[in-house]
Amino acid sequence: MTPHPIARWCLAAVLAGAAPLAVLAQDAGEHNPADLEKAFPKKAPYSPYAGRNYPTRPLFGDTHLHTAFSMDAGTFGARLTPADAFRFAAGAEVTSSSGQPVKLSRPLDFLVVADHSDGFGFFPLVVSGAPAVMSDPQGKKWHDMIAAGQGADAALDIIRNFAAGKMPKAIFPVPGTATYRDAWQKAIQAAEGANEPGRFTAFIGYEWTSNVGGGGNNLHRNVVFRDDASKASQVEPYTTIKPLGSDDPVELWKWMAAFEQKTGGDVLAIAHNGNLSNGLMFPTVETFAGGKVDRPYAEERSKWERLYEVTQTKGTGEAHPFLSPNDEFADFELWDKANLDGTQVKTKEMLQFEYARQALKNGLILEQKLGVNPYKFGMVGSTDSHNGLAAVEEENFFGKTAPQEPSAERLAKAFFVDPKTGVKVMDWEVGASGYAAVWATENTREAIFDAMERRETYATTGSRMAVRFFGGWDFEAKDAHDRMPARVGYVKGVPMGGDLAKAPAGKAPSFLVAALKDPIGANLDRIQVVKGWLDAKGEVHEQVYDVAWSGGRKPDPKTGKVPSVGSSVDVANATWTNTIGAPELIAVWKDPAFDPAQRAFYYARVIEIPTPRWTAYDVKYFGNKPEPGTRMTITERAYTSPIWYTPN
Amino acid sequence: MRALLREPLVHFLALGALLFLFFEWRGGAAGPGSTRIVVTPGLVQHLASGFARTWQRPPTREELKGLVDEHVKEEIATREAAAMGLDRDDTVIRRRLRQKLEFLVEDEAAPAPPTEADLRGWLERHPQAFQAEPRTALRQVFVSVQRRGAAAGAEAQRLLGRLRTAGPGASIAELGDPSMLPAELPLGPVSEVARTFGPDFAQGVAAAPTGQWSGPVTSSYGLHLVLVTERVTPPLPALADVRQLVEREVLAERRKAQIEALYTRLLGKYTVTIEMPEEQPQPASSSPGAGAR
């Protein structure tokens, strides 16, 4: 049983700047009924397409995928290149690193290949036996080991050397060297070659992989370019290794600003895995580097980090049962034992600085104090897979790394073990999650990027359900019966990621929320609205409301909670039936406890009926026996970006 | 005789004879099996330029000597290993040799560019490979099984009757049950239909007539009455538009055929006997080549 300490050394990345945000901070409070009538006439125009300038279908993609160009991915056997990764995401069948044919059930709409900026392209260099590598004794040794079929030993040796800071300088690619530039150019060219506006969007990007506090506290960010090669080629990714790079996000933001200034380009950064940061992802007083969480920090962070990756293979970080004891759905695909490499055990005090919901709440406190909310982020999910395959459907899960691709052994292997701390994470705990859904007006780099900046996005744990969420002051019950809910939504309110202000006297915000199941997926159990708010005493609270659900279930009169939908899963055969749940749910919900003087946010969470988890498909296919405690079912879900209410 | 003098084969043989005489005069061939190793100025230059490519500077005297020594050692090792037959059972070497042989043949395929007629013929024989995806536009009226249960089927039939009476121009804005599903899909690739409504619905639409309400078609959401308003099967693209793609395919095919021909030719020189283990079924034919493909 070989642990793969992939996380032990993640690499850093580079990059650049998010654009100034033209966010749709609409003020829904100023509508009056006469205006509404005009904007939303009773009779639609004859042409059903006229006036439809809003997005009509969510685009699904992955903002965080690694290929053989990532040092850790390559050492553990990933052989697929960025070009392969784009082909696969666009729907082509490819042969995986372990030699298995694989294809997605349907193409994705977009992909960001985000290889680690530290050591960018190192592994293909070693495998190909480039002259520079072969003339270095260490490089030649590794090449020969891999050529002789001892790739795993080579990987461990490379990792030991990297961890000890002993990578041979002559061959380790750092920005400014020819090998580094070459690899970055290859990555850019792969995206340029795969980008097909209108059909499939291939973004240029990279991951800046900051690990602090001795190496395992995860502060990673993915940097995404709105631009093409002409601008991205003018820079090389930002790394974490001094003096060229830094492990402090504040420095990354400076790099992003410099990129935008130099090229007129546009970049954004998406942080992930706060759950593995051991209390460092969402600071409220001081950053790990000793910087203050003050107004400039809040301004920069909210400018560059418009989205947060809330679910991926290494756990889901929306909520934690310790922080949200009344949320019976909070205990979902958690990774809360330690930091990224298991070198530091988790304590309960760290959790409040790691999970998205708590960060959104703390953001309200900070906004009150600083005037700017550093944690005003939207939600996306992504894979963080390290084998070039954005394959996170439960029945088609190709693992996080090449050794985790389907095999009879993967259910029994450890992802990593730290003998000192005793922390052990099994491969079965890796989640088949997630995707980013974006309400973009068209499938292009520009439109998707702009939708990300206005946070009109939601995260899914791998399902492709369509979710709408609008907030305003005038939604009424009958809007839920409208045949074009999106049109009503945009006319009367703001979409997910937007803002509400200037509450009309006596009115509470109302929300139009709708969800349509994945066309080939499971029915829906319920839609919930999660509210967080800051009270007059300066304390934050949260409440989860069930707002739409399937069947005639009656909410518990005391708690208001809707009882469980039940389960139709047959674990042994890895099947389920859509005999429970609903294919579509829609509701208008009005906040029953609104106080116009209090800051608040609202987001929707959509939950599917239980389905077999990837582990069940494994057992069915390989006929092996899962370890005791292995989870065999899952309730896939979607988390929308919040809508914020800010008092005048 | 004049024709003979122009024959390349004659040039080749004459050149070979001269080389043979030359090496005889120099004292023994320098090829594999001989004990003579000659490092020519050209080779030294080649080694030095390889070094310079990597290090962006020429090698020093010391380094150059090291490169030459390495080369001599490699040459000796290769000859000795070959003499001992070490290359014979080595899968990597065998594959590499096979690859080199096949490359030689493939190269022969490249120089003659395919003619216009070759390309046109290929395009006509393989239209699917170059055709754009068919496009479909449709309207649909949704009947929710979730809402109506067993009565959904009857409701769908009732609506179908109304729609057929009203015809393709029927106003559907207020018909059927409300849903987030689009009531109309503008002309787009057929794959978009499956992406929005699922594969069952896409199959139903593929079978539906054009310009006439039909159904109900079943999807995982419920029942749908469908009107396919338009179907476009893109015409076969003109050769000029896909010339490069076609050329690539033709050349790839030619290479494959060339390699096939090579083995067919060479197999004639060999007698292949295949002895399968007892419990395995016997190959159907024992003619040469049966086991080599």
Side-chain angles (χ1 to χ4, degrees), chain A residues 42-49 52 56-60 91 105-109 130-136 147-149 170-171 178 198-199 464-468 478-486 489 514-524 550-551 578 581-586, chain B residues 47 49-56 59 63 66-67 70 91-92 132-133 137 139-147 149 152 169 171-189 191-202 218-224 229:
Chain A
K42 284 235 160 59
K43 193 164 165 58
Y46 179 82
S47 166
Y49 315 120
R52 231 194 240 179
T56 52
R57 169 169 98 72
L59 300 178
F60 290 95
S105 67
R106 325 149 251 186
L108 287 172
D109 298 298
V133 168
M134 299 307 277
S135 53
D136 179 274
I171 62 168
R199 216 176 79 79
R464 299 202 202 174
M465 55 180 106
V467 182
R468 297 280 198 184
K478 75 173 167 64
D479 293 330
H481 303 292
D482 194 276
R483 280 149 198 286
M484 296 177 88
L516 185 67
K517 81 175 190 71
D518 182 328
I520 60 169
N523 273 349
L524 307 174
S550 71
N578 276 334
E584 189 168 1
L585 292 172
I586 185 165
Chain B
L47 292 172
S49 71
F51 182 96
R53 259 203 312 280
T54 305
W55 297 100
Q56 304 296 319
E63 286 164 341
L67 289 173
E70 276 304 303
T91 319
V92 175
E133 202 182 346
R139 311 174 76 193
Q140 63 93 19
V141 171
F142 177 63
V143 179
S144 168
V145 176
Q146 182 194 359
R147 177 183 298 221
S171 164
I172 58 171
E174 300 300 324
L175 277 192
D177 295 320
S179 166
M180 282 171 80
L181 291 164
E184 321 224 354
L185 278 189
L187 192 62
S191 57
E192 195 64 23
V193 176
R195 234 154 139 176
T196 309
F197 292 91
D200 295 347
F201 180 87
T218 308
S219 77
S220 63
Y221 302 107
L223 304 179
H224 309 259
T229 50

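The chains referred to below are lettered A, B, ... by the order of the sequence lines, with proteins before strands, and numbering in each begins at 1.
- Remark: B/Glu70 engages no residue in a side chain to side chain donor-acceptor pair (under 3.5 Å) (not counting sequence neighbours).
- Of the two parts of A/Ala486, neither the backbone nor the side chain holds a non-hydrogen atom closer than 4.5 Å to a non-hydrogen atom of chain B.
- Two residues are said to be in side-chain contact when any heavy atoms from C-beta on lie closer than 4.5 Å; A/Asp109 and B/Arg195 meet this criterion.
- Residues forming a side-chain contact (heavy atoms from CB on, under 4.5 Å) with B/Thr218 (at least two apart in sequence, or on another chain): B/Leu223.
- Neither the backbone nor the side chain of B/Asp200 has a heavy atom closer than 4.5 Å to any heavy atom of chain A.
- B/Phe51 places none of its side-chain heavy atoms less than 4.5 Å from the side chain of A/Pro131.
- The candidate with the highest count of non-hydrogen atom pairs below 4.5 Å against chain A, out of B/Met180, B/Glu174, B/Glu192, is B/Met180.
- Of the inter-residue distances, the one linking A/Asn578 atom CG with B/Gln146 atom CD reads 10.5 Å to the nearest 0.5 angstrom.
- There is no contact between B/Ser171 and chain A, counting heavy-atom distances below 4.5 Å.
- Of the two parts of A/Arg468, the backbone and the side chain both hold a non-hydrogen atom closer than 4.5 Å to a non-hydrogen atom of chain B.
- Minimum interatomic distance between B/Ser179 and A/Leu516 (heavy atoms only, all atoms of both residues): OG-CD1, 4.5 Å.
- Nearest heavy atom pair, residue B/Phe142 against residue A/Glu584, reads CE2-OE1, 4.5 Å.
- The part of B/Phe197 that comes within reach of chain A is its backbone (N, CA, C, O), which places non-hydrogen atoms under 4.5 angstrom from that chain.
- Side-chain N or O atoms of B/Ser220 include none that pairs as donor or acceptor with a backbone N or O of A/Ile520 at under 3.5 Å.
- The greatest number of non-hydrogen atom pairs below 4.5 Å with chain B, out of A/Pro485, A/Pro107, A/Ser550, is found for A/Pro107.
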